Amino acid sequence: MSNVHVGADSPATGPAHTGAEPRRSAHRSAGGRVLPGRPREFDPDVVLDTAVEAFLEWGYHATSLTRLTTATGLHRGSLYAAFGDKHALFLAALGRHADRSLAALDVMITAAPTPLEGVRRFVRAQATRAAGQRAGRGCLVANTTLELLPEDQQVARVIEAYQRRMAARVAETLDEAKATGELTSTRPSTGLARYVFVVVEGMWQLGRTTSDADTLLDVAEVALATLTTEKS
């Protein structure tokens, strides 16, 4: 599945660093002995979350290093030393975003009283979040797909792996719903999971032009009704 937004696009809070700019070169003691470099004084995950916000706001190409250093509070050399060049930072940020989305989806499904209710909550939550996105920024993975694919194969691999993992998690949940008799559809769960993905991505695209939650929730309810309809 693509970049479904289960708590993964909220802005990072606070500066990305927790102290002075990190030093990675060795430093000397009073006796002149070379000591190991100081540990990093910032949280790499917070830096990546901040980078996600920047890439969502401006897209990959328009997110300059100046924008990244301003957002993270780190100097250019520190970003390069920690993550590599801009493209490597983007890959890391995209992977971080994907992991957070998958983890949040798993929490939502696990917390639901039944497997099918977990999927219902997920789809409805996507509708609400898509309607409430800031300035119609859309979906990071969908935006990236349009901007960088098919040329950027490294990005393509990250996106494809994320889509497979997301689809597999939803399909697994639907299989559990079938096993308990909660879902009676005879359609393959893999196909149903892809359908859920397409609906969610469509809601995020619609959310770029409307902030009416009722409109997107209506789409969600139609999709959920279709999900549970028997194959003719």
Side-chain angles (χ1 to χ4, degrees), residues 1-9 52 55-56 90-130 133 137-150 152-208 216-217 219-231:
M1 274 203 172
S2 187
N3 186 35
V4 292
H5 309 260
V6 191
D9 61 343
V52 166
F55 288 123
L56 259 173
F90 180 73
L91 289 172
L94 187 63
R96 163 77 173 165
H97 183 64
D99 289 343
R100 287 186 65 202
S101 293
L102 289 163
L105 170 62
D106 191 66
V107 168
M108 181 174 291
I109 289 175
T110 302
T114 66
L116 187 57
E117 180 59 24
V119 175
R120 289 193 182 103
R121 291 182 180 184
F122 165 65
V123 174
R124 289 165 180 156
Q126 295 307 296
T128 301
R129 291 181 64 82
Q133 61 181 301
R137 297 187 304 172
C139 158
L140 181 61
V141 170
N143 295 349
T144 301
T145 299
L146 291 173
E147 185 177 8
L148 298 180
L149 300 189
D152 194 323
Q153 290 304 302
Q154 288 180 298
V155 168
R157 285 192 289 271
V158 173
I159 293 174
E160 289 167 0
Y162 173 57
Q163 291 174 345
R164 287 195 301 270
R165 292 167 64 194
M166 185 67 72
R169 184 67 179 97
V170 174
E172 175 188 22
T173 305
L174 295 175
D175 280 337
E176 292 172 0
K178 288 180 179 180
T180 62
E182 186 185 16
L183 179 64
T184 59
S185 174
T186 56
R187 293 184 175 90
S189 295
T190 52
L192 294 175
R194 294 189 191 101
Y195 169 72
V196 170
F197 156 67
V198 170
V199 169
V200 167
E201 284 299 307
M203 291 192 300
W204 275 93
Q205 291 304 312
L206 182 58
R208 300 189 71 156
L216 274 70
L217 285 168
V219 172
E221 293 306 321
V222 172
L224 291 170
T226 303
L227 184 67
T228 57
T229 300
E230 282 288 348
K231 184 177 181 180

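Given the structure is predicted, the values throughout are model-derived calculations rather than measurements.
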Of all heavy-atom pairs between [X] and [Y], which one has the smallest distance, and what is that distance?
X      : Y      : answer
Ala111 : Arg121 : O-NH1, 4.0 Å
Leu216 : Ala130 : CD2-CB, 3.4 Å
Ser101 : Tyr162 : CB-OH, 3.1 Å
Pro115 : Ala177 : CB-N, 3.8 Å
Leu183 : Leu227 : CD1-O, 3.9 Å
Ala142 : Glu201 : CB-OE1, 3.3 Å

With side chain to side chain contact (heavy atoms under 4.5 Å, CB included) as the test, would you mind laying out the steps for Arg129 and Trp204 before giving the verdict?
CA-CA 8 Å; Arg129 291 181 64 82; Trp204 275 93; 3.8 Å; yes
Salt bridge check: are Asp106 and Arg165 linked by an N-O gap of less than 4.0 Å?
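No, this pair does not count.
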Side chains of Leu94 and Phe55: does their closest heavy-atom pair fall under 4.5 Å?
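Counting from C-beta outward, Leu94 and Phe55 never come under 4.5 Å.
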Under a 4.5 Å cut-off applied to non-hydrogen side-chain atoms, are Val52 and Leu140 in contact?
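A side-chain contact under 4.5 Å exists here.
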If you round to the nearest 0.5 Å, how far is [atom2] of [Y] from [atom1] of [X]?
X      : Y      : atom1 : atom2 : result
Gln153 : Leu148 : CD    : CG    : 11.5 Å
Leu146 : Gln205 : CG    : CD    : 7.0 Å
Thr144 : Leu149 : OG1   : CG    : 8.0 Å
Thr145 : Glu160 : OG1   : CD    : 9.0 Å
Leu174 : Arg169 : CG    : CZ    : 10.0 Å
Phe197 : Gln126 : CZ    : CD    : 11.5 Å

For Thr226 and Val199: C-alpha separation, side-chain torsions, deciding distance, then whether side chain to side chain contact (heavy atoms under 4.5 Å, CB included) applies.
CA-CA 11 Å; Thr226 303; Val199 169; over 6 Å; no
In sequence, state the C-alpha distance, the side-chain angles, and the governing distance for Leu192 and Ser185, and then conclude on side chain to side chain contact (heavy atoms under 4.5 Å, CB included).
CA-CA 9 Å; Leu192 294 175; Ser185 174; 4.1 Å; yes
Measure from the side-chain N and O atoms of Asn143 to the backbone N and O of Arg137, and report whether any donor-acceptor pair falls under 3.5 Å.
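Checked: pair present.
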Hey, is the main chain of Gly207 close enough, under 3.5 Å, to the side chain of Gln133 for a donor-acceptor pair?
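Yes; judged by distance alone, with no hydrogens or angles, the pair exists.
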Partners meeting side chain to side chain contact (heavy atoms under 4.5 Å, CB included) with Glu221 (sequence neighbours left out)
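If we apply the side chain to side chain contact (heavy atoms under 4.5 Å, CB included) test to Glu221, skipping adjacent residues, the hits are Arg124, Leu224.
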With Arg120, which residues qualify under side-chain hydrogen bond (donor to acceptor under 3.5 Å, both in side chains), at least two apart?
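Partners of Arg120 by the side-chain hydrogen bond (donor to acceptor under 3.5 Å, both in side chains) criterion come out as none, since no residue qualifies.
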My understanding is that only one of Val219, Val196, Val170, Leu217 makes a side-chain contact (heavy atoms from CB on, under 4.5 Å) with Val123; could you say which?
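Among the candidates, only Val196 passes.
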